[in-house]
Number of protein chains: 4
Amino acid sequence: MLYMQTVHSEDEGGRRSFIEEARRRQIVAAAVTTIAEEGYARASFVRIAARASVSPGLITYHFRTKERLIRQVLEYVHTRLDRAMEGGPEPLTGFEDGLRRIVAGHVMYCSQHPEEMAARQEIIGAAAPPAVREWITENEASGRAELAGFLTEGQRHGEFRAFDPEVFTDTLFAALGSAPGRLRRRPAEEHEAYAQELARLFAAAATGRTPPW
Amino acid sequence: MLYMQTVHSEDEGGRRSFIEEARRRQIVAAAVTTIAEEGYARASFVRIAARASVSPGLITYHFRTKERLIRQVLEYVHTRLDRAMEGGPEPLTGFEDGLRRIVAGHVMYCSQHPEEMAARQEIIGAAAPPAVREWITENEASGRAELAGFLTEGQRHGEFRAFDPEVFTDTLFAALGSAPGRLRRRPAEEHEAYAQELARLFAAAATGRTPPW
Amino acid sequence: MLYMQTVHSEDEGGRRSFIEEARRRQIVAAAVTTIAEEGYARASFVRIAARASVSPGLITYHFRTKERLIRQVLEYVHTRLDRAMEGGPEPLTGFEDGLRRIVAGHVMYCSQHPEEMAARQEIIGAAAPPAVREWITENEASGRAELAGFLTEGQRHGEFRAFDPEVFTDTLFAALGSAPGRLRRRPAEEHEAYAQELARLFAAAATGRTPPW
Amino acid sequence: MLYMQTVHSEDEGGRRSFIEEARRRQIVAAAVTTIAEEGYARASFVRIAARASVSPGLITYHFRTKERLIRQVLEYVHTRLDRAMEGGPEPLTGFEDGLRRIVAGHVMYCSQHPEEMAARQEIIGAAAPPAVREWITENEASGRAELAGFLTEGQRHGEFRAFDPEVFTDTLFAALGSAPGRLRRRPAEEHEAYAQELARLFAAAATGRTPPW
DNA sequence: GATGAATGAGAATTCATTCAT
DNA sequence: CATGAATGAATTCTCATTCAT
């Protein structure tokens with residue numbers, strides 16, 4: 001790609017050089033840490049740049065606007081989260097098992113990547129630029145639809161009781177979203193148990209039975 | 001009561017005149033509206049003052065710092081919420097009924113006072129000043145303890161299954177916290193049903209049975 | 001007017017306090033001097049504020065945006081110019097005399113208020129913000145129409161030869177616009193003669209005769 | 001010739017390679033286009049480089065500073081303008097004819113090379129760096145002297161009336177400078193007529209007679 | 001010769017807070 | 001009590017220029 005700075009109109013399309021890719025990753029990582037540790041409100045270019053040992057101008061150079069940087073942070077977190085959620089190798093034994101894996105998988109991911117998830121939550125909570133809010137809404141929509149579909153399917157198979165899938169999805173997303181904050185106040189060795197307990201809670205809510213595990 | 005009001009820990013101690021109280025209420029109300037409608041990030045003193053038809057200097061005069069004003073906003077919201085949560089006149093028929101009333105009561109309160117609750121959520125999500133974050137944490141503690149106690153009692157009476165009360169509390173708080181946002185995207189006439197459905201979800205999670213109502 | 005800073009939506013309508021009016025005048029004056037002496041490109045808020053012995057924030061406080069400040073500068077200059085152009089007491093003896101007065105009057109005004117006119121020219125030449133350019137275009141239009149009308153009238157009365165009034169107007173405006181720059185390079189005692197000579201030039205161009213004065 | 005090219009006064013002295021000359025021409029051309037289309041204020045190295053499909057660093061490499069690049073742009077424009085002004089093949093029939101050719105020739109050149117002349121005008125109007133302003137002044141001087149000499153000669157031959165050649169020159173330069181802007185607002189087929197009309201205006205001003213053509 | 005990543009100074013603007021009135 | 005003018009630090013973003021490659 002020729003030159004950067006103010007010009008390249010909108011397209012993220014242009015191929016990026018190796019070194020540029022590396023810098024972008026470094027800055028995104030610094031942003032994640034800054035947001036997670038100091039909060040979104042205090043995550044200015046100056047502070048993010050300081051953490052990356054880089055000049056603030058370089059952030060604009062690579063990302064054009066703050067909104068774009070924040071979007072990259074979210075994309076980075078979601079990409080890694082999605083990859084992690086693709087599920088384990090063992091076959092599902094049923095919908096209850098599926099639900100358990102979703103919940104426990106997400107919680108354990110939060111446990112293993114607390115910064116990323118804390119940053120994500122900070123952004124979602126504070127998300128100043130309207131464009132970012134839109135991005136989040138659109139992006140959540142597909143996840144919500146997928147989960148709602150899964151729940152409905154479970155009801156059709158008689159494994160889940162007759163609840164409202166929308167309300168259930170709302171609640172589950174709220175619970176998973178608050179997970180990073182909750183885990184932070186607990187010792188790491190309890191996280192596994194926390195994940196299982198939360199999975200049991202939603203399994204009971206979905207089936208109307210105490211889960212056998 | 002789920003939320004506590006600080007007992008004027010670091011307050012200037014002195015009695016407040018009638019007119020001062022009135023001004024403070026007026027400013028807090030303006031802050032609630034501003035935060036709810038424009039978001040925490042845009043709730044500057046100038047904008048809050050404009051809504052209160054008052055000069056920005058007056059806010060500093062009455063509250064010293066922004067952090068103190070925000071704390072007052074939270075106290076105001078929690079006081080009103082607590083008063084509303086003190087429960088209806090009819091006697092509880094059991095713990096499941098108690099849980100139902102907590103959940104549905106909270107949701108309906110969100111439905112009836114969307115501004116207050118939206119402002120509260122904005123602050124909790126965005127709240128930059130660390131002091132406010134601490135205040136929130138400390139303040140939630142008593143509410144959490146109360147709820148955890150209630151759940152434990154329900155388990156002792158055999159009405160609730162053997163879940164971890166802490167995890168359950170976390171989840172319930174997360175769900176109730178997200179209620180204002182969720183309700184905002186639904187027509188008002190569905191709020192009642194939403195409240196009941198959410199109550200059923202947590203009843204099922206707590207009892208391991210599909211609730212009879 | 002209550003409070004200022006970020007809020008007051010668009011209206012310049014609100015009454016302005018005496019002290020505010022004074023500050024605005026002071027800042028506009030500082031802007032005129034800065035632009036005239038250092039050029040538009042170097043007339044940053046910091047430099048203008050320094051000349052007014054004021055903080056840069058105060059300019060934003062009183063004018064909201066740079067574009068608005070610049071517009072105020074132009075309005076200030078045009079208001080004073082228009083007042084000066086309203087013409088002397090003696091009755092016109094004809095169209096040639098009218099043209100002479102327009103030209104000489106404008107040049108002498110430039111001579112007496114070199115800063116204002118230099119600033120005006122700087123802004124017209126550089127005028128970065130598109131909104132300012134529009135303001136200028138619209139504002140010039142009426143002046144151009146008036147002059148063109150006067151010329152046409154002079155042709156109808158047989159005092160002026162049959163030139164294209166549009167082209168004549170273009171030329172006259174260009175000449176008058178360059179006057180401040182030209183005068184700056186000449187000693188003040190020659191300005192009067194310069195004005196008369198320029199008037200003679202346009203009189204000859206308009207009548208096709210050497211003017212008798 | 002009305003405009004002069006500096007004779008590489010402060011130049012690095014050394015001969016320039018063929019490829020270097022080519023690059024310099026390419027960059028100057030890109031600068032002309034950028035300034036003409038986006039305005040001087042938006043003509044940053046990055047944007048000029050983008051138009052030249054070249055890196056911004058290369059501009060500094062070839063021109064050292066922005067001020068030097070801008071000077072090259074002016075020299076480029078003036079060189080081509082001077083070449084064009086050297087006049088047609090037909091012999092002059094007199095001074096009035098000479099004046100006509102100067103005016104009409106310049107206007108038609110503006111019509112045929114609107115970009116170059118628009119860029120020139122942008123720079124003259126906006127040109128921040130004082131060094132450029134000085135260069136312009138010095139550079140115009142020779143052109144002004146030449147024109148003033150021509151006018152004086154015409155007066156000596158009795159073809160022109162007794163006006164002040166300096167004032168006349170000022171006015172003519174102002175009018176010619178504003179030509180690109182004026183032509184831009186008129187359809188191309190009227191440009192020829194505009195040129196003739198402007199020539200007539202100055203002929204009338206110079207001779208004190210309505211021109212016979 | 002040429003690149004493009006990087007810098008650092010400077011731009012306009014926002015805002016909590018102060019203080020003379 | 002209340003005002004609102006004023007400040008100064010902080011914000012994002014732009015840009016000419018430098019320099020290792």
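Residue numbering restarts at 1 for every chain, and letters A, B, ... go by the order of the sequence lines. Below, each value reflects all heavy atoms present in this structure, side chains not excepted, and no hydrogens, waters or symmetry copies.
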| query | In dot-bracket, 5' to 3', how would DNA chain F read with Watson-Crick or G-U wobble pairs under 3.5 Å, [ ] for crossing ones and | for pairs to another strand? | reply | .||||||||||||||||||||

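An OP1 or OP2 oxygen of dG4(E) is reached within less than 4.0 angstrom by no side-chain nitrogen or oxygen of R23(A). When the side-chain nitrogen and oxygen atoms of T60(A) are compared with OP1 and OP2 of dC13(F), none of them lie within a distance under 4.0 Å.
Going from atom OH of Y61(C) over to atom P of dA5(F) covers 3 Å, rounded to whole Å. A straight line from CZ of R47(A) to P of dA10(F) spans 8 Å, rounded to a whole angstrom. The distance from atom CG of L69(A) to atom P of dT12(F) is 10 Å, rounded to the nearest whole Å. Rounded to an integer number of Å, the gap from CG of L58(B) to C1' of dT17(E) is 14 Å. Protein atom CD1 of I59(A) is 14 Å distant from nucleotide atom C1' of dG8(E), rounded to whole Å.
Between E75(A) and H78(A), the closest side-chain pair of non-hydrogen atoms is not below 4.5 Å. Taking 4.5 Å as the limit, some side-chain heavy atom of F63(B) sits within range of a side-chain heavy atom of R24(B).
Take R23(A) and apply the salt bridge (Lys or Arg N to Asp or Glu O under 4.0 Å) test, not counting sequence neighbours, and it matches no residue. Residues forming a side chain to side chain contact (heavy atoms under 4.5 Å, CB included) with A29(D) (at least two apart in sequence, or on another chain): none.
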| request: Output, in order, the C-alpha distance, side-chain angles, deciding distance and verdict of salt bridge (charged side-chain N to carboxylate O under 4.0 Å, His left out) for E138(D) and R71(D). | output: CA-CA 12 Å; E138(D) 290 169 24; R71(D) 240 152 56 190; over 6 Å; no

| task | Decide side-chain contact (heavy atoms from CB on, under 4.5 Å) for F45(D) and L69(D); before the verdict, give the C-alpha distance in whole Å, the side-chain angles of both, and the deciding distance to 0.1 Å. | result | CA-CA 10 Å; F45(D) 274 20; L69(D) 168 62; 4.0 Å; yes

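Counting only heavy atoms from C-beta on, V54(B) has its side chain closest to dT3(F) among dT3(F), dT7(E), dT13(E). Here dA6(F) is the nucleotide among dC15(E), dT14(F), dA6(F) with the atom lying nearest to any side-chain atom of H62(C). Nearest to the side chain of S55(C), among dG8(F), dA5(F), dA12(E), sits dG8(F).
In terms of heavy-atom proximity, Q72(A) sits nearest to V28(A) at CB-CG2, 4.2 Å.
Position along DNA chain E of the nearest nucleotide to I19(A) versus F45(B) favours I19(A) as the more 5'-ward residue.
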